[in-house]
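Note on naming: letters A, B, ... go to the chains in the order of the sequence lines (proteins, then strands), and numbering restarts at 1 for each one.
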Amino acid sequence: MARLNDEVGALLQEIADLILLTGGDAFRARSYEKAARAVGGYHADLATLDAKGLRDIPGVGTSTAGKITEYLSTGRMAKLDELRAQVPPGVREIMAIPTVGPKTAALIHRELGVSTVDELRAAAEQDRLGDLPGLGEKTAENIRHGIDQLRSGGGRALLDTAMELAEEIVASVGALPECHRCAYAGSLRRMRPTVGDVDVLATAEDSRPLMDALTRLPFVTEVLAAGPTKTSVRTSRGLQIDLRVVPPEDWGAAMVYFTGSKAHNIALRARAVKAGLKLSEYGLFRLTERGDRGSEGEKIASRTEEEVYAALGLPWIPPTLREDRGEIAAALAGELPDLVTVRDIRGDLHTHTDLTDGLAPLEEMLAAAAERGYAYYAVTDHAPNLAMQRMTDEKMLAQRDQVRALDRRYRGMRVLHGTELNIDRDGEVDWPPAFLAGFDLCVASVHSHFRADRDVQTRRLVRACENPHVHVIGHPTTRMLGRRQPIDVDLDAVYAACARTGTALEVNASPERLDLGDEQIMAARRHGVRFAVNTDAHATTHLDNLRYGVGAAQRGWLTADEVVNTWSLTRLRQFLRKRPAG
DNA sequence: GCCGTTTTCGGCCCGACTGTTTTCAGTCG
């Protein structure tokens, strides 16, 4: 549903970047940026809006509405084409390097003739950057480091991008009369935070109509391979899609094989071999005495995943656990965790409104939350130390009055008034205890000093946990997938502090963060830490990101009982009382 | 380019940090 909006948002953002790169008016660029964000997060599909409807989107005026209309009818934006003609595409990628903004990118392009990240890397290695006016050795070093960071993303797609694409393909291919079943597999089904390519599996007697349908999808730009069992294409976003078609009776074995992970499959195959069996994407086979060359032996399971696991003496293992991190031993012992699910979540405890940097007003966020059937919902706008949000005591208290008034309007859903505090370098937060005591809930997060050393980071997070008014540590490592490394912190000390003080760690569901990550969750739960799976929504559409957070939680083996926002309101309120100071 | 109990021009989120400067520009959240 939101794909068109995202697409248009990306184009508007590109206009903004190109305006900055060409030295255009910064306010105009910001205006496009704002419109890009607003369009991306808007609840209604752009295709359903008329000109007036478009202008009702905050930040979209006559000019931008015209460009959107132009794009919907012609597939182009003349303004964008004109700007693109002035700047080689690689220059915009240079701007994506952390610490490199439009001014620096334009300078490098103009003075050195560098127009791709690779050329920039070469220039940096030849020490040609330091000669530029205003650029010294430190800056050159930061650029080198920034390129490494950008490249370490490895061209992998974020989970939401891959998921939306996969769901569209599964819907298209699955709707064909020739198709029996269709689903995505691979690391996407395991809900890994980033996805290298998308694996889609289908069953059909005749694969051709399915393969044809894939290659004809509008966002497919290149067909890399087209055969009867496998077709690979590349999409406009650069992501590779593999569609595999297998006979209906092999669905289960193929799903196991293509879901992986590799390590999980190896462990399964080893188990099969021990039992005199052989596991492949075509099924589980009993090896016959003379069947050592070519002959597969008797097929004993392949139709469903359950059947394949059962034939190996195992219960079905949820895809999010299939990483060879002890799931097979746990399955054998009957100790697989009863994983938390989206349906278990009774409320979101970290969300924003347009009082700070959210896109939607309080009323709209609450309406969207109520529609999800939540039993409670916390509004946690930014606190004043994040200066750009211009929060004041008065604004926060006025919002509280508004929250209390609106709370009465929702029968089944209690609205909690909270805030997202900023943990400063010393572990202090924005407001004094007396003011903090007025909130129902406080999330506290790191938004500054990302490069402070390990001792500083550890101390500030532990101190935040020790604050009796802090209930949840938001996005604890502050990583941004493919863009920013996690802070350097002794997480074991933080886990211990959380367990000791009754502070929950967030599993931030934003596809750009997914923080904490799975392995950290596994480590933290061994300390007895509680968790909160939150969306950090800045728009109504972001509330749907919950499933990515739940995916991360499952990958960390979490059960509902370990997640505070699966609890009843009564139990949650008890948790929020924390213990008194000292 | 957007927006208006400051409406049709003149503002536009603002402060901290970093590195390069020798008083400030660029980037970030």
Undergrad: Using the P atom on both, measure B:dC9 against B:dC14 and round to a whole Å.
TA: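 To the nearest whole Å, 24 Å.
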Undergrad: Report yes if at least one side-chain N or O of A:Ser448 is closer than 4.0 Å to OP1 or OP2 of B:dC17; otherwise report no.
TA: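 Negative; the distance criterion is not met.
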Undergrad: Considering only B:dC17, B:dG19, B:dC2, which nucleotide approaches the side chain of A:Ser31 most closely?
TA: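 From the listed options, B:dC2 comes nearest.
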Undergrad: Just to confirm, is there a sub-4.0 Å distance from OP1 or OP2 of B:dT27 to any side-chain nitrogen or oxygen of A:Thr104?
TA: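 Answer is yes, contact under 4.0 Å.
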Undergrad: Hey, are the side chains of A:His382 and A:His447 touching, using non-hydrogen atoms and a 4.5 Å cut-off?
TA: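 With C-beta onward as the side chain, the pair touches.
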Undergrad: Using the P atom as the reference point in each nucleotide, state the distance between B:dG15 and B:dT20 in Å, no decimals.
TA: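 So the two P atoms sit 26 Å from each other.
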Undergrad: Thinking salt bridges, do A:Asp407 and A:Arg414 make one under a 4.0 Å N-O criterion?
TA: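 Yes, charged N to carboxylate O under 4.0 Å.
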Undergrad: Does the side chain of A:Asn142 get closer than 4.0 angstrom to OP1 or OP2 of B:dT18 through an N or O atom?
TA: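 For B:dT18, neither OP1 nor OP2 has a side-chain N or O of A:Asn142 closer than 4.0 Å.
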Undergrad: B:dG1 C1' sits how many Å from A:Leu80 CG, rounded?
TA: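 It works out to 16 Å between those atoms.
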Undergrad: As a test of reading the structure: which of B:dG26, B:dC13, B:dG1 is closest to the side chain of A:Phe27, going by heavy atoms?
TA: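 Side chain of A:Phe27 sits closest to B:dG1.
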Undergrad: Are A:Arg484 and B:dG29 close enough that a side-chain N or O sits under 4.0 Å from OP1 or OP2?
TA: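 It does, given that an N or O in the side chain of A:Arg484 lies less than 4.0 Å from OP1 or OP2 of B:dG29.
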Undergrad: Is it true that A:Asp440 and A:Arg400 have a side-chain N and a carboxylate O under 4.0 angstrom from each other?
TA: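 A salt bridge is absent here (no side-chain N lies under 4.0 Å from a carboxylate O).
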Undergrad: For the side chain of A:Arg28, counting heavy atoms from C-beta on, which of B:dG26, B:dG1, B:dG19 is nearest?
TA: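 For the A:Arg28 side chain, the nearest candidate turns out to be B:dG1.
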Undergrad: Assuming nearest nucleotide by heavy-atom distance, tell me which of A:Lys138 and A:Lys67 is located more 5' along DNA chain B.
TA: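 Between the two, 5'-proximity favours A:Lys67.
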Undergrad: Could you tell me how far apart A:Arg451 (CZ) and B:dT27 (C1') are, to the nearest whole angstrom?
TA: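 Taking atom C1' of B:dT27 as the reference, CZ of A:Arg451 is at 11 Å.
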Undergrad: Within the 4.0 Å heavy-atom criterion, would you say A:Glu141 contacts the bases, only the backbone, or no part of the nucleic acid?
TA: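 Nothing, no heavy atom under 4.0 Å.
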Undergrad: Separation of A:Asp430 atom CG from B:dG29 atom C1', in whole Å?
TA: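 The answer, rounded to whole Å, is 14 Å.
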Undergrad: Provide the distance between the two C1' atoms, one in B:dT23 and one in B:dT18, to the nearest whole Å.
TA: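 That atom pair is separated by 15 Å.
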Undergrad: Rounded to the Å, how far apart are A:Arg37 CZ and B:dG1 P?
TA: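 My rounded result for the distance is 21 Å.
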Undergrad: In whole Å, measure the gap between the P atoms of B:dT21 and B:dT27 for me.
TA: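 Each nucleotide's P atom is 15 Å from the other's.
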Undergrad: Heavy atoms from C-beta onward define the side chain here; which of B:dC17, B:dG26, B:dG1 lies closest to that of A:His449?
TA: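 Looking only at heavy atoms from C-beta outward on A:His449, the closest nucleotide is B:dC17.
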Undergrad: Between A:Arg92 and A:Asp17, does any NZ, NE, NH1 or NH2 come within less than 4.0 Å of an OD or OE carboxylate oxygen?
TA: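 Judged by the 4.0 Å cut-off on N to carboxylate O distance, A:Asp17 and A:Arg92 do form a salt bridge.
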Undergrad: Hey, could you give me each pair passing ring pair (Phe, Tyr, Trp, His ring centres under 6.0 Å) that has a residue in residues 480-512 of chain A? Not counting sequence neighbours.
TA: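 As it turns out, the ring pair (Phe, Tyr, Trp, His ring centres under 6.0 Å) pairs with a partner in residues 480-512 of chain A, which skip direct neighbours, are A:Tyr495-A:His527.
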Undergrad: Rounded to whole angstrom, note down the C1' distance from B:dG11 over to B:dC17.
TA: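 It works out to 27 Å between them.
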Undergrad: With nearest nucleotide decided by heavy atoms, which residue, A:Ile97 or A:Gly136, maps closer to the 5′ end of DNA chain B?
TA: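 It is A:Gly136, whose closest nucleotide lies nearer the 5' terminus.
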Undergrad: Using the C1' atom as the reference point in each nucleotide, state the distance between B:dC3 and B:dT8 in Å, no decimals.
TA: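 To the nearest whole Å, 10 Å.
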Undergrad: To the nearest Å, how far apart are A:Lys79 NZ and B:dG1 C1'?
TA: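 To the nearest whole Å, that distance equals 9 Å.
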Undergrad: Is A:Arg144 paired with A:Glu141 through a side-chain N to carboxylate O contact shorter than 4.0 Å?
TA: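 Here A:Glu141 pairs with A:Arg144 in a salt bridge, since their nearest N and O are under 4.0 Å apart.
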Undergrad: Would you mind pulling out the nucleotide paired to B:dT8, Watson-Crick or G-U wobble, both distances under 3.5 Å?
TA: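 Looking at the geometry, B:dT8 pairs with no nucleotide.
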Undergrad: Looking at A:Asp544 and A:Arg372, does any basic side-chain N land under 4.0 Å from a carboxylate oxygen?
TA: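 Looking at A:Arg372 together with A:Asp544, the answer is yes, because their closest N to O distance falls below 4.0 Å.
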Undergrad: How many whole angstroms separate atom CZ of A:Arg390 from atom P of B:dG15?
TA: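 Checked: the CZ to P distance equals 9 Å.
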Undergrad: On a whole-Å scale, what distance lies between the P atoms belonging to B:dC13 and B:dG4?
TA: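 Looking at atom P only, B:dC13 and B:dG4 are 13 Å apart.
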Undergrad: So if I take every side-chain heavy atom of A:Thr139 and compare against B:dC2, B:dT20, B:dG29, which nucleotide ends up nearest?
TA: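 Nearest to the side chain of A:Thr139 among the choices is B:dT20.
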Undergrad: Expressed in angstrom and rounded to an integer, what is the separation of A:Ile15 atom CD1 from B:dG1 atom P?
TA: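 Interatomic distance, CD1 of A:Ile15 to P of B:dG1: 9 Å.
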Undergrad: Starting the side chain at C-beta, find the nucleotide from B:dC13, B:dG29, B:dG26 nearest to A:Arg30.
TA: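 The answer is B:dC13, which lies nearest to the side chain.
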Undergrad: What is the distance, rounded to the nearest whole Å, between atom CG of A:Leu107 and atom P of B:dG26?
TA: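 Computing the A:Leu107:CG to B:dG26:P distance gives 9 Å.
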